[in-house]
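Chain letters run A, B, ... following the sequence lines, proteins first, then strands; residues in each count from 1. The analysis underlying the following values was restricted to heavy atoms, covering all of them including side chains, and did not include hydrogens, waters or symmetry mates.
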There are 2 protein chains.
Amino acid sequence: MIEPVEQITDKSLRRHFGYSLKRAYARVHTAITEELNQLGLKVISYSALSMIVENPGLKQSQLAEALMIERSNLVVIIDDLENKNLIYRAQLPSDRRAYALIPTDEGKALAVRAGDAVADAEAAVFGHFDPALIEQLRPAFDRIWSR
Amino acid sequence: MIEPVEQITDKSLRRHFGYSLKRAYARVHTAITEELNQLGLKVISYSALSMIVENPGLKQSQLAEALMIERSNLVVIIDDLENKNLIYRAQLPSDRRAYALIPTDEGKALAVRAGDAVADAEAAVFGHFDPALIEQLRPAFDRIWSR
DNA sequence: GATAATAGTTATACCGCATAACTATTTAAG
DNA sequence: CTTAAATAGTTATGCGGTATAACTATTATC
């Protein structure tokens with residue numbers, strides 16, 4: 001005889017730390033996305049803009065590699081930033097195949113505002129974390145990535 | 001005069017802890033996906049199978065809510081698990097609209113193997129973490145999620 | 001000078017996820 | 001009791017993120 005199940009448990013999944021990580025990241029990602037959305041940016045376009053402001057003149061292929069996305073997918077992101085007058089494609093005299101990506105003053109200003117908005121969003125999510133713990137975690141997580 | 005940029009930095013992005021989190025999660029997700037792929041499972045279908053083994057007889061709508069996915073997207077996942085003879089849809093006498101999801105012996109066995117495979121993959125990624133730190137982080141991350 | 005490699009672009013496809021609409025069945029209201 | 005509303009499962013569809021292939025223009029290599 002098959003009976004309905006009232007109380008659902010997820011003990012077998014909670015065993016995995018990756019699930020805690022996934023869900024925590026989902027919260028951060030949502031918070032950041034909403035903040036950036038108010039500034040007309042997506043997470044990936046904010047990342048691109050920040051990198052261009054920090055590394056003015058870099059090429060699309062360099063940016064794609066740094067952001068670990070495909071060159072082809074970067075095109076529309078750059079198009080969008082350029083249409084919004086946040087950056088522009090400048091001709092590289094040394095290589096006529098490539099573009100040098102340059103931020104406009106407007107782009108530089110927005111990068112600062114967006115960076116602070118992202119930091120605020122993260123602070124709201126991790127507010128109850130000990131700052132010392134965050135600084136302990138950062139290199140530990142970065143090591144996971146860079147190996 | 002526009003010059004090529006040799007060395008690309010990402011200081012402005014490294015400021016955000018969310019990036020460290022994202023990249024670390026990407027690594028663990030990849031590791032888990034590869035392990036589960038060898039067992040013919042995706043992350044989401046492993047999650048579904050584990051929940052069904054732990055809560056035999058639950059309905060699809062209950063499972064969808066527990067996994068926080070749409071009912072409509074769960075259908076194909078259940079179809080797949082059923083086609084692989086890992087679970088089956090049983091009629092619920094108390095509600096002819098709903099199915100009771102029941103694991104097969106094969107499904108139960110695979111859930112155990114897959115769970116261990118996931119745990120191994122996570123251990124490989126977080127191997128250099130102090131176990132005490134993990135157990136400190138788990139409830140902290142879960143609190144981020146459940147608020 | 002021919003060949004290979006690189007930069008940017010376009011088109012395309014797949015996947016994860018969300019919404020809407022539908023059928024069948026159950027529950028709630030009048 | 002009958003009708004309306006809610007629920008369970010399903011199908012179709014669209015959107016966003018991501019990956020691959022093919023193409024043109026240009027540069028580097030042999």
Nearest-neighbour nucleotide for the [X] side chain, [options] considered:
X: A:R89; options: C:dA7, D:dA8, C:dT9; answer: C:dT9
X: A:V75; options: C:dA7, C:dT25, C:dT9; answer: C:dT9
X: B:R96; options: D:dA12, D:dA8, C:dT25; answer: C:dT25
X: A:R71; options: D:dA8, D:dT11, C:dA7; answer: C:dA7
X: A:E70; options: C:dG8, D:dT20, D:dT27; answer: D:dT20
X: B:Q60; options: D:dG17, D:dT10, D:dT18; answer: D:dT10
X: B:R97; options: C:dA11, C:dG8, D:dT7; answer: D:dT7
X: A:S61; options: C:dA24, C:dG16, C:dG8; answer: C:dG8

Integer-rounded Å distance: [N] [atom2] and [X] [atom1]:
X: A:I69; N: D:dG16; atom1: CD1; atom2: P; result: 16 Å
X: B:K59; N: C:dT25; atom1: NZ; atom2: P; result: 15 Å
X: A:I87; N: C:dG8; atom1: CD1; atom2: P; result: 12 Å
X: B:L92; N: D:dA8; atom1: CG; atom2: P; result: 11 Å
X: B:I78; N: D:dT11; atom1: CD1; atom2: C1'; result: 16 Å
X: A:I77; N: D:dA19; atom1: CD1; atom2: C1'; result: 14 Å
X: A:L74; N: D:dG16; atom1: CG; atom2: C1'; result: 16 Å
X: B:H29; N: D:dG17; atom1: NE2; atom2: P; result: 16 Å

Between A:D95 and B:Q62, which has a closest nucleotide on DNA chain D that is more 5'? B:Q62
Derivation of the ring pair (Phe, Tyr, Trp, His ring centres under 6.0 Å) call for A:H16 and B:Y46: CA-CA 12 Å; A:H16 303 301; B:Y46 161 70; 5.8 Å; yes
One thing to verify: whether B:D105 and B:K108 come together as a salt bridge, which I'm taking to mean a side-chain N less than 4.0 angstrom from a carboxylate O. yes
A:D142 and A:R138 ion-paired at < 4.0 Å: no
Check: A:T104/A:N85 side-chain N/O donor and acceptor closer than 3.5 Å: no
Shared hydrophobic cluster for A:V76 and A:L63 (ILVMFWY, side-chain gaps under 4.5 Å): yes
Using a heavy-atom cut-off of under 4.0 Å over every strand shown, decide if A:N73 touches base, sugar-phosphate, or nothing. base
